[in-house]
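Worksheet: one structure, shown below.
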Amino acid sequence: MSSSVPSPESDKSRKYDRQIRLWGDHGQNLLENSQICLINANALGTEILKGLALPGIGSFTIIDQNLVTEEDIGSNFFLEQSSLGKSRAKCATQFLQELNPDVNGESIDENVDNIIANNSDFFQNFSVVVACALNEKSLIKLSNLLWDLNIPLISCKTVGFIGTARIQLKEYCVIETHPDNKHHDLRLEEPFDSLKEHCEKIELGSKVPWLVILFKHLEAYKVKYNKIPQTYKEKSELRTMIRDSMSADEENFEEAIKAVNSSFGGGKPNSVLQEILNDNACINLTKNSPPFWIMVRALKDFIENEGKGYLPLPGIIPDMTAETSLYINLQNVYRAKALQDADIVFRRVQELLEELNKSCDWITEKDVRLFCREAAYIAIIRGSKISDEYEKGSNTATIASELENIDSLMGHYVVLRSQDRFITEHGCMPGEIQVDIDTARVKSQASKLLNDWGINISLNDDLIHEICRYGGSEIHSVSAFLGGAIAHEIIKIVTRQYKSLDNTIIYDGINSQCATFKF
Amino acid sequence: MVETDLSKKWNYLRKILERSGPFDTEAFTPSSDTLDFLHNTCKILVIGAGGLGCELLKDLAMMGFKNIDVIDMDTIELSNLNRQFLFRRKDIGKSKAETAAEFINKRIPGTKVTPHFCKIQDYDESFYRQFHIVVSGLDSIVARRWINGMLISLVRLEEDGTVDQSSVIPMIDGGTEGFKGNARVIFPTLNACIDCNLDLFPPQISYPLCTIANTPRLPEHCIEYVKIIQWDKENPFKCALDGDDPEHVSWVYEKAQERANIYNITGLSYRLVQGVLKNIIPAVSSTNAVIAAVCATEVFKIATSCYEALNNYFVFNDIDGIYTYKFEAEKNPKCLACSTVPRMISINNPSSMTLQDLIDYLCTNVEFQMKSPGITTMINGKNKTLYMSTVKSIEEQTRSNLTLSLHELNLSDGQELIIADATNPNSIVVKLKFTDNEVEMY
């Protein structure tokens with residue numbers, strides 16, 4: 001996992017500065033090596049690629065055998081009047097490529113079904129495949145093909161003010177999830193030896209970091225009550241103890257009092273992590289196990305042995321009012337312990353690599369340090385096949401219970417699926433010409449669909465009527481919303497940072513709201 | 001370029017505008033007149049041609065709006081190119097507004113985007129009054145508050161005191177930071193405005209001066225020290241510090257690193273130095289695309305009445321999956337900008353509180369958050385300027401007032417102060433309320 005980091009003064013680094021501050025040089029490197037395939041360059045498709053070409057993906061390939069229509073020009077920013085009647089793939093590729101000379105664009109004027117049927121290796125090298133407004137039959141074939149190749153697929157479409165996206169991922173493992181409110185893991189309840197020694201040497205005063213003040217009072221509390229304060233009343237008692245020992249208005253003591261509420265409870269795996277540690281992929285490593293699972297296994301072994309139930313220490317403390325050297329020394333105590341823990345995990349990783357007959361530099365010390373720092377927040381997302389959702393119906397119990405709720409956007413999901421069936425049956429969009437007749441037809445598709453799923457609830461007709469009013473229209477701002485959101489999901493997948501959508505979003509532009517569901 | 005006759009180009013919008021549906025508002029009538037209104041009559045002002053502005057111009061032009069003005073005082077930089085997609089490398093140094101307008105007018109013939117390469121403060125009421133809707137994509141809270149104040153001042157009242165609806169110019173405001181963003185719909189004086197809920201903006205990070213000078217602990221503290229203290233002392237380039245000048249940034253980096261070494265502080269990087277010096281907010285194309293799209297959708301709803309507009313605040317975050325939320329921000333009856341009731345400030349120690357203390361209060365209090373308030377009042381029937389920092393000669397004349405107490409300035413209970421600040425194009429009136437008992441005895 002070596003990567004070249006350009007100097008921050010380099011041209012590329014300056015151009016991408018505002019985003020490298022979010023996903024780092026390592027994230028940018030992964031992005032620049034990604035290859036994205038888009039099927040159908042409608043407005044939604046080009047908006048997605050815009051959101052990927054700008055931050056600098058490696059390359060994109062557009063598959064589209066359509067010729068540019070007037071309606072395309074009225075809804076798609078990456079076509080212009082002179083594009084009329086020409087290959088949509090070619091025209092869109094040209095305009096998208098102008099966004100960023102670092103990105104390679106290719107176009108293929110072919111029917112995607114031919115590629116799926118005759119050249120299935122074609123998809124092998126893509127990082128992600130996105131299919132916009134693809135018909136049911138082709139989507140099902142593509143879903144099966146990409147599931148077997150283990151390549152993420154996103155299926156999406158908008159019609160009028162409604163849009164949806166569905167991600168198909170076999171397994172997505174994330175080390176850097178960037179949670180919004182990271183809890184500092186300080187180990188005050190069961191302090192490690194070097195922290196104890198450090199704190200015991202320090203005398204309290206106005207220049208001491210609150211962490212040391214809290215440590216000393218917590219120790220005193222433990223002696224007095226023989227436990228850790230847990231209830232509100234017990235914590236109040238600890239706060240009173242701190243306040244009583246304060247000689248004047250001292251900021252650091254005030255900070256210690258405030259910190260009573262938020263400083264305990266870190267360091268033990270939560271239920272999400274526990275589930276990952278107990279996962280079969282962790283317990284039974286094979287020679288095909290990816291680095292993530294090898295590190296998870298080393299983590300599990302650490303927690304159960306050297307860690308005595310605790311995670312490796314992240315070694316990060318918040319800023320606090322204190323004299324510089326007292327703060328820095330304390331910071332160094334945490335950092336030294338974190339390095340020590342990470343070193344044990346790294347050695348365990350090396351043993352595992354040897355057992356699995358893998359090269360020992362497959363996972364570096366740097367990888368393990370990052371992993372240990374983030375260990376409390378790692379995540380895995382396991383998805384399901386779109387083809388199963390379409391052919392077998394998945395999660396019908398959730399669909400049924402959501403439909404009982406009048407505010408749920410599950411009704412939109414059912415209507416969009418009914419529209420898909422209509423298109424398959426009639427070969428056109430509902431409402432293109434006749435709204436009333438098609439409304440009745442989509443209604444009967446919806447009834448059939450619900451019947452197939454064993455759901456005995458009838459849908460609100462209004463939404464079906466509205467979908468038919470749209471008559472297959474693609475509204476630019478609706479596709480721009482969904483396109484931006486999907487571009488970011490793809491960035492998450494290729495940078496392996498942040499938790500991706502799992503696995504379906506419905507956007508209702510009429511009421512400016514979204515809902516997510518898992519199928 | 002002239003729009004050649006593509007009769008089916010707007011067919012998708014026509015399906016919305018010329019057909020009826022079950023979710024239409026009562027005000028909506030299917031007709032070809034609506035598209036004609038978007039094309040030929042409706043005038044939109046886009047404020048900012050940056051990350052959100054570029055997206056807004058594209059979205060609005062693609063939604064059938066043909067008369068759009070865009071205002072932005074900035075020029076194009078290399079670090080804009082990762083998201084401000086109407087700009088190319090060859091455009092670096094050019095006006096954002098002009099370059100963006102030219103791009104849109106060329107790509108979508110028939111659209112007339114008119115650029116204004118200047119500050120929003122350079123124009124007065126007569127300019128802002130000509131628009132049907134204002135959309136803002138700004139990175140400055142002060143500028144947001146200023147345009148908010150401007151649109152409020154355009155609202156006229158009928159003789160019976162009710163609002164003349166035709167004078168209300170809706171404002172759609174978008175904002176982004178990293179993977180988070182928000183969009184809101186403001187009908188000036190009718191619902192919550194920017195100043196009604198200033199607490200919705202994230203607080204600015206600042207470090208206490210004594211920490212920076214005496215007990216630095218973070219690399220940021222070292223950078224701030226060089227920026228605030230060392231630069232002025234050593235004045236290495238005989239000019240003000242410029243965060244865009246690589247030589248300046250390198251000097252600060254070097255000095256901050258020296259200071260960090262003395263204190264054993266780790267983690268300083270060139271990127272961090274740039275970030276602190278320029279107060280850089282991380283930005284990515286996808287969030288701007290999402291928020292601008294929400295804003296443009298709302299502009300379309302308001303201009304066509306096809307659906308009810310967002311009421312009134314939309315939040316977006318895609319760090320963990322995709323999360324959205326909407327709520328109704330409440331109008332603040334004591335709002336500085338949109339309420340007509342003079343704002344009270346309670347003073348319990350007018351004989352010890354100085355004018356400087358009052359100014360500090362106006363700058364730090366969460367409901368005022370002013371920048372450099374200038375204060376005038378009436379004493380014995382005469383206008384008197386107590387302090388004003390924006391005009392040098394007046395600043396020199398009034399500086400001595402800063403250390404005087406409110407009593408010494410002859411201000412009394414119930415005194416009305418007229419305060420001018422960069423956060424509003426109009427002055428606001430604040431009433432002092434002395435709660436001190438001895439005052440009531442006078």
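Nothing here was measured: the structure is a model prediction, and the numbers come from that model. Only heavy atoms go into these numbers, but all of them, side chains included; no hydrogens, no water, no symmetry mates. By convention in this document, chain letters (A, B, ...) are assigned in the order of the sequence lines, proteins followed by strands, and residues within each chain are numbered from 1.
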Using non-hydrogen atoms and a 4.5 Å limit, figure out which bit of B:S285 sits close to chain A: side chain, backbone, both or neither. side chain
What's the verdict on side chain to side chain donor-acceptor pair (under 3.5 Å) for B:N317 and A:D180, showing C-alpha distance, side-chain angles and the deciding distance? CA-CA 10 Å; B:N317 180 342; A:D180 249 342; 3.2 Å; yes
What part of A:V435 gets within 4.5 angstrom of chain B, counting heavy atoms only: side chain, backbone, both, or neither? side chain
Side-chain heavy-atom pair B:R88, A:L99 within 4.5 angstrom cut-off: yes
Which atom names give the shortest non-hydrogen contact between B:K58 and A:A480, and what distance separates them? NZ-CB, 3.9 Å
Residues A:I475, B:F300; criterion side chain to side chain contact (heavy atoms under 4.5 Å, CB included); working and verdict: CA-CA 11 Å; A:I475 300 301; B:F300 184 81; 5.9 Å; no
Side chain to side chain, A:E71 and B:K15, heavy atoms closer than 4.5 Å: no
Closer than 4.0 angstrom, basic N to acidic O: yes or no for B:K278 and A:D17? no
Tell me, for A:E98 versus chain B, whether the close heavy atoms (under 4.5 Å) come from the side chain, the backbone, both or neither. both
What part of A:E432 gets within 4.5 angstrom of chain B, counting heavy atoms only: side chain, backbone, both, or neither? backbone
Measuring heavy-atom distances to chain B, does A:I505 have an atom under 4.5 Å in its side chain, in its backbone, in both, or in neither? side chain
Only pairs of heavy atoms separated by less than 4.5 Å count here; which of A:A515, A:P55, A:G483, A:G431 has the most with chain B? A:G431
Given heavy-atom pairs under 4.5 angstrom as the criterion, report whether the side chain, backbone, both or neither of A:L463 touches chain B. both
Bottom line for A:L326: the part with an atom under 4.5 Å from chain B's heavy atoms is neither
In terms of heavy-atom pairs under 4.5 Å with chain A, which of B:H221, B:K8, B:R217, B:K326 leads? B:R217
Relative to chain B, which segment of A:K207 carries a heavy atom at a distance below 4.5 Å: side chain, backbone, both, or neither? neither
The interface call for A:N76 against chain B, heavy-atom contacts under 4.5 Å, is backbone
Part of B:I280 within contact of chain A (heavy atom distance under 4.5 Å): side chain
Check each atom of A:D502 against the heavy atoms of chain B and say whether the ones under 4.5 Å are side chain, backbone, both or neither. neither
Tell me, with the steps shown, if B:F179 and A:Y498 meet ring-ring contact (aromatic ring centres under 6.0 Å, His included). CA-CA 10 Å; B:F179 302 128; A:Y498 309 95; 4.6 Å; yes
For B:E308, which atoms come within 4.5 Å of any heavy atom of chain A: side chain, backbone, both, or neither? backbone
Is B:R89 in contact with chain A via its backbone, its side chain, both, or neither, using a 4.5 Å heavy-atom distance? side chain
Side-chain contact test, heavy atoms from C-beta onward, threshold under 4.5 Å: evaluate it for A:Q81 versus B:L6 and give yes or no. yes
